[in-house]
Each structure stands twice: as structure tokens, then as C-alpha cells.
Colleague: 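Sharing a structure below in C-alpha cells format, with a few things to ask.
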Amino acid sequence: MKKGNNFAVFITIVSALAAVAAAAVAVVLFFEKKRKDEEELEHYLDCSIQ
């Protein structure tokens, strides 16, 4: 393989790993926000009942 071709493969692999990491972070943040919103709603409902 040529040196430039190896570099292109390396850049492709790094880009793919970065995309997977970004997707994982987005999913975690989405579910964390959803959980927090549900906790706030539950607290609001508990307080409004009393």
C-alpha cells in the first residue's frame, strides 16, 4: 500500500470512532434529560397533591 492510502484508512477509522462516540454521548444525554424531566414531573405531582 502507498503511504497516502494508509493515512486515508487511518483518518477514516478515527472519523468512524468519533462518530460512534458522539452518537453514544447523544443517547446518554437524551436519556439523562428524559429521566430528569420525569423526576421533576413526579415531584411536581407529589407536591400538588398535598
Side-chain angles (χ1 to χ4, degrees):
M1 284 188 169
K2 295 181 181 178
K3 189 173 185 174
N5 195 14
N6 286 339
F7 185 70
V9 170
F10 175 74
I11 294 296
T12 303
I13 291 171
V14 170
S15 298
L17 290 175
V20 169
V25 168
V27 168
V28 168
L29 290 176
F30 173 77
F31 284 114
E32 184 67 23
K33 181 174 178 358
K34 185 176 179 182
R35 184 187 61 80
K36 184 179 176 186
D37 289 346
E38 288 175 357
E39 286 178 359
E40 289 177 359
L41 177 61
E42 184 177 337
H43 177 71
Y44 171 76
L45 290 174
D46 287 343
C47 290
S48 66
I49 291 173
Q50 294 176 355

Colleague: With rounding to the nearest 0.5 angstrom, report the CD to CD distance, Glu38 to Glu40.
Modeller: 11.0 Å
Colleague: Tell me whether Glu42 at atom CD has more than 12 heavy atoms from other residues, nucleotides or ligands lying less than 6.0 Å away.
Modeller: no
Colleague: Determine whether Asn6 and Phe10 make a side-chain contact, defined as any pair of heavy atoms from C-beta on separated by less than 4.5 Å.
Modeller: no
Colleague: Hey, any chance Val9 and Leu17 share a hydrophobic cluster, counting ILVMFWY side chains that come within less than 4.5 Å of each other, even indirectly?
Modeller: yes
Colleague: Does a side-chain N-to-carboxylate-O contact under 4.0 Å join Arg35 and Glu39?
Modeller: yes
Colleague: What are the two closest heavy atoms between Leu45 and Ser48, and how far apart are they?
Modeller: O-OG, 3.0 Å
Colleague: Could you give the distance from CG (Leu41) to NZ (Lys36), rounded to the nearest 0.5 Å?
Modeller: 14.0 Å
Colleague: Do Val25 and Phe31 belong to the same hydrophobic cluster, where Ile, Leu, Val, Met, Phe, Trp and Tyr are linked whenever their side-chain heavy atoms lie under 4.5 Å apart, directly or via other members?
Modeller: no
